[in-house]
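A note on names: the letters A, B, ... follow the listed sequences, proteins ahead of strands, and every chain is numbered from 1.
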Amino acid sequence: MASCAHAKEQRGISSVGRARQWHCRGQGFESPILHQHRGRSGNLPGWPRAVPSARGSLPDESAGLYRARRRYPRPSPMTELAQPDRLAKATAMRQTGADPFPARGVASQPIAGLIAAAGTAAAPGPAIGTRVTIAGRMLMPRDFGKLIFAPLVDRTGRVQVGLQRDALPEWWPQRKWLDAGDLVGILGEVGFTQKGELTVWAKEVRLLAKSYAPPPEKWHGLADVEQRYRRRYVDLWATEGVMDVFVKRSKIVSGMRRFLEAQGYLEVETPTLHPIFGGATARPFVTHHNALGCDFYLRIAPELYLKRLIVGGLERVFEIARNFRNEGISTRHNPEFSMLELYEAQADYRRMMELAEQMIERLALEVNGTTKVTFRGREYDLKAPFARLRYSELFRHQNGCEFDDQPAVRARAAALCIEDGGNYWKLMNDVFEATCEKLLTGPVFCVDYPVQICPLAKSNPQDPRLAERFELFLDGMELGNAFSELNDPAEQQRRFEEQVASKDPEAPGVVDIDYVQALEYGMPPTGGLGIGIDRLVMVLTGQDTIRDVLLFPAMRPLGGEPASATAPTH
RNA sequence: GGGCGCGUAGCUCAGUCGGUAGAGCAGCUGGCUUUUAACCAGCUGGUCGUAGGUUCGAGUCCUACCGCGCUCACCA
């Protein structure tokens, strides 16, 4: 495990290193020892002569060639998205020796850093500033004949570039090959326009990759929600704020790791393919293993494997697990979703409460700089500690009866038009959800659930009707679920057998004997906590729907033929 | 699965009472060195989601289907 985590860390470091190396890449750098060029940041080297065609004779010929191309259909087999005009421009470039998809990038620096540095710069006006190299996607060019303005976006931000004929005599004829959406590198000087806008005045321009598909309409952007999700690779740069949400999501997840590792937790990875599904109540996806000749379930929760590791003595473990549930899709549900689950030996659900509120407060501060969040139009404060409300007291307050007063609860359910499916505890919980969840705006811990609806939790020694369990709510949405884990193997086996006997399609068909046997070896008193990462990200980024915090939310496949129900056999 | 809504040019959308399809943006041509959705002039671009039906005539009315969104139910 330790070596695994170490390897992960090394990968992280090397990717940062890669980012720094960009500035020594470029056409013409033949030396394999690229790294030696690193660090001369004060005086970035100019680019080598971009293309042979820059020597002149280009304008008229290339324009004629381009016009000729227009008469033909698509020059190559591409999808309907590729614009003939753009394909023709690439062809024209190639015929003059220029490469629309050069092999090397340029040595760029993040735009955000440039903006931050310019924040303290001199007053507006033509200014000779620092030389910078930036790279990104060029959008919305505005052509004035001898001057072109266009925004350039990279991962960190957006800045305007100014392209002037007199400053770019060699490149200028190639401007006709440039389209909105192209990826370009700019070597230029930081300055301002007459209107005072920060601008990088280009000294050199290089096309880094041609964009054959046109970017979305410049004012409305990607207005079609479906297109935003299906083509997230466009949405990320075409829709304001989208990039930021996913950068924050990444920071939230790494913040979780840091927080837990600082407390001595070990990150582990447990199977996604389960022979028996468990750890939650949900319909699973089924898949098939050819060599073993048996079916597997995609996990609905990592819980039972993580608790096996507590039996194994790892004591504090967590997993950032992708779970799969074969159920409906909504603003809060995706068929695959991410969950943080953690287990701590010698802890109980009270310790889990403290851990949860401290972690969430910390994450809010890390990504937003404040514990205040606005979610679905309401403001919440994620400052710890969160409120605690007892399930039983909430129930009594809202319904005027005890949760285990069966006749009174049945009558109440009937009054609320809640259908009685025969299972009293399910009915009671339906009454609770109908009458109490709307009060759980939060952030709030709802604590001490009736033991009958907590198959994996320990009962409370003071009141055996209750389980040591809490759920964390915000805006009526469940964010987390935790309990003092049941570690009595006989009791666990009994509850499993009850589940199997229920014939519920959401219950496994067989008892997970191996898990019971793990408990027979002895599991210490343990607290366990699960937090829905997608939902937490929704709250911390102010997004109303889960789809807006998933890079690629589940969508019905396009095209007439529905995917085959059977797995391919190879 | 139920209810409501939408589908017209590459994009965003108009399209009246059923009478041969419109705008802006994008693209192309020309002009323009300080724009912020730049602007000006010209040009190109559509099997109106699909299939039937009613009609002399359907983008428009009817039916079915496909796709998407919202919403309800189940779930975290």
Side-chain angles (χ1 to χ4, degrees), chain A residues 63 66-67 69-71 79-86 88-89 124-126 139-151 158 160-168 172 176 179-181 191-199 201 212-230 234 238 279-284 300-301 323-341 418-419 421 426 430 433 471-473 477-481 505-506 530-536 538 544-547 555-560 562:
Chain A
Y66 173 55
R67 261 185 235 111
R69 282 282 152 192
R70 286 190 67 206
R71 290 192 219 108
T79 76
E80 67 283 356
L81 203 60
Q83 299 295 293
D85 295 333
R86 292 173 181 241
K89 287 178 185 180
L139 303 169
M140 273 191 285
R142 298 181 285 276
D143 187 346
F144 288 81
K146 298 184 184 64
L147 167 71
I148 300 168
F149 286 117
R158 130 178 345 214
Q160 174 167 274
V161 296
L163 311 174
Q164 298 171 98
R165 184 191 64 178
D166 297 345
L168 299 159
W172 194 247
K176 292 291 171 193
D179 287 298
F192 293 89
T193 64
Q194 289 175 7
K195 297 277 171 65
E197 174 156 348
L198 180 67
T199 298
W201 297 104
Y212 286 156
E217 211 263 358
K218 61 187 173 188
W219 182 241
H220 299 89
L222 259 190
D224 183 342
V225 184
E226 180 192 352
Q227 289 304 312
R228 287 192 47 220
Y229 299 142
R230 288 197 191 276
V234 176
T281 333
R283 288 171 199 268
I300 58 173
N323 296 334
F324 305 85
R325 299 191 183 174
N326 205 340
E327 288 165 348
I329 294 174
S330 79
T331 52
R332 291 171 299 279
H333 301 86
N334 195 65
E336 53 182 304
F337 65 102
S338 298
M339 180 117 139
L340 168 67
E341 276 206 17
I418 294 171
E419 196 185 338
K426 167 112 173 53
D430 287 346
E433 284 174 6
E471 290 194 291
L472 170 60
F473 286 89
M477 178 171 75
E478 186 187 337
L479 280 184
N481 186 13
E506 294 186 355
I531 289 183
I533 291 176
D534 312 287
R535 290 181 172 186
L536 181 62
M538 285 167 69
D544 286 355
T545 79
I546 198 169
R547 291 182 145 194
M555 305 286 284
R556 185 185 299 274
L558 290 174

- Message: Within the 4.5 Å heavy-atom criterion, are A:Arg547 and A:Val225 side-chain neighbours or not?
- Response: no
- Message: Could you go through A:Arg332 and A:Ile546, starting from their C-alpha distance and side-chain angles, then the distance that decides it, and tell me whether this counts as side chain to side chain contact (heavy atoms under 4.5 Å, CB included)?
- Response: CA-CA 5 Å; A:Arg332 291 171 299 279; A:Ile546 198 169; 5.6 Å; no
- Query: Mind checking the P distance from B:rC4 to B:rC65? Whole angstroms is fine.
  - Reply: 14 Å
- Within this structure, what is the CG-to-C1' distance between A:Asp143 and B:rA37, rounded to whole angstrom? 16 Å
- Message: Any heavy-atom pair between the side chains of A:Asp544 and A:Thr331 that's under 4.5 Å?
- Response: no
- Between B:rG10, B:rU34, B:rC32, which nucleotide gets closest to the side-chain atoms of A:Trp201? B:rU34
- Item | 4.5 Å side-chain heavy-atom contact, A:Ile300 and A:Asn323 | no
- What interatomic distance, in whole Å, is found between P of B:rC11 and the corresponding atom of B:rU50? 14 Å
- Note on the structure: Between CD of A:Gln227 and C1' of B:rC68 the distance, given in whole Å, is 10 Å
- Message: Under a 3.5 Å cut-off for both contacts, is B:rU50 paired Watson-Crick or G-U wobble with anything, and if yes, with which nucleotide?
- Response: B:rA64
- Message: Could you check whether any side-chain N or O of A:Arg283 sits under 3.5 Å from a backbone N or O of A:Asn326, counting only pairs where one atom can act as donor and the other as acceptor?
- Response: no
- Note on the structure: Across every strand shown, the nucleotide meeting Watson-Crick or G-U wobble geometry with B:rU33 (both distances under 3.5 Å) is none
- Between B:rA23 and B:rU44, how far is it from one C1' atom to the other, in whole Å? 16 Å
- Between CD of A:Glu197 and P of B:rA38 the distance, given in whole Å, is 12 Å
- Message: Give me the distance, rounded to whole Å, that separates B:rU20 from B:rU34 when you measure between the P atoms they each carry.
- Response: 46 Å
- Query: Atom CD1 of A:Ile148 to atom P of B:rG31: distance rounded to whole Å?
  - Reply: 14 Å
- Task: Apply side chain to side chain donor-acceptor pair (under 3.5 Å) to A:Arg165 and list each qualifying residue two or more places apart in sequence or on a separate chain.
- Result: none
- Using atom CG of A:Leu139 as one end and atom C1' of B:rC11 as the other, report the distance to the nearest whole Å. 14 Å
- Task: Pick the C1' atom in B:rG24 and in B:rA38, then give their distance to the nearest Å.
- Result: 15 Å
- Integer-rounded Å distance: B:rC32 C1' and A:Trp172 CH2: 11 Å
- Would you confirm whether A:Asp534, through its side chain, and A:Ser338, through its main-chain N or O, come within 3.5 Å as a donor-acceptor pair? yes
- A:Trp201 backbone acceptor or donor facing A:Thr199 side chain under 3.5 Å: no
Polar atoms only, N or O, under 3.5 Å: list the protein pairs with nucleotides 69-76 of chain B and their distances.
{"from": "B:rG69", "atom 1": "OP1", "to": "A:Arg547", "atom 2": "NH1", "distance (Å)": "2.3"}
{"from": "B:rG69", "atom 1": "OP1", "to": "A:Arg547", "atom 2": "NH2", "distance (Å)": "3.3"}
{"from": "B:rC75", "atom 1": "O2'", "to": "A:Glu327", "atom 2": "OE1", "distance (Å)": "2.5"}
{"from": "B:rC75", "atom 1": "O2", "to": "A:His333", "atom 2": "ND1", "distance (Å)": "3.3"}
{"from": "B:rC75", "atom 1": "O2", "to": "A:His333", "atom 2": "NE2", "distance (Å)": "2.1"}
{"from": "B:rC75", "atom 1": "N3", "to": "A:His333", "atom 2": "ND1", "distance (Å)": "3.0"}
{"from": "B:rC75", "atom 1": "N3", "to": "A:His333", "atom 2": "NE2", "distance (Å)": "2.1"}
{"from": "B:rA76", "atom 1": "O3'", "to": "A:Glu478", "atom 2": "OE1", "distance (Å)": "2.7"}
{"from": "B:rA76", "atom 1": "O3'", "to": "A:Glu478", "atom 2": "OE2", "distance (Å)": "3.3"}
{"from": "B:rA76", "atom 1": "O3'", "to": "A:Arg535", "atom 2": "NH1", "distance (Å)": "3.1"}
{"from": "B:rA76", "atom 1": "O2'", "to": "A:Arg535", "atom 2": "NH1", "distance (Å)": "2.6"}
{"from": "B:rA76", "atom 1": "O2'", "to": "A:Arg535", "atom 2": "NH2", "distance (Å)": "2.4"}
{"from": "B:rA76", "atom 1": "N6", "to": "A:Asn334", "atom 2": "O", "distance (Å)": "2.6"}
{"from": "B:rA76", "atom 1": "N1", "to": "A:Asn334", "atom 2": "O", "distance (Å)": "3.4"}

- Note on the structure: Re B:rA58: Watson-Crick or G-U wobble partner, both distances kept under 3.5 Å, found to be none
- Would one find a side-chain N or O of A:Arg230 under 4.0 angstrom from OP1 or OP2 of B:rC68? yes
- Task: Would you mind pulling out the nucleotide paired to B:rA26, Watson-Crick or G-U wobble, both distances under 3.5 Å?
- Result: none
- Residue whose closest nucleotide on RNA chain B lies nearer the 5' end, A:Met140 versus A:Leu147: A:Leu147
- Can you tell me, in whole Å, how much space there is between the P of B:rA58 and that of B:rC48? 12 Å
- Rounding to the closest angstrom, what is the interatomic distance between B:rG7 and B:rG46 at atom C1'? 15 Å
- Query: Hey, is the side chain of A:Lys89 poking within less than 4.0 Å of OP1 or OP2 on B:rC28, counting only N and O atoms?
  - Reply: yes
- Mind checking the P distance from B:rU16 to B:rG49? Whole angstroms is fine. 14 Å
- Taking the side chain as C-beta and beyond, is there a heavy-atom pair between A:Pro214 and A:Asp179 under 4.5 Å? no
- Message: Could you tell me the Watson-Crick or G-U partner of B:rG18, where both distances fall under 3.5 Å? Say none if there is no partner.
- Response: none
- Message: From CZ of A:Phe144 over to P of B:rC40, roughly how many Å is that when rounded to an integer?
- Response: 12 Å
- Task: Please give the nucleotide sitting opposite B:rG69 as a Watson-Crick or G-U wobble pair, both distances under 3.5 Å, or none.
- Result: B:rC4
- Task: Would you kindly give the NZ-to-C1' distance between A:Lys146 and B:rA38, to the nearest whole Å?
- Result: 16 Å
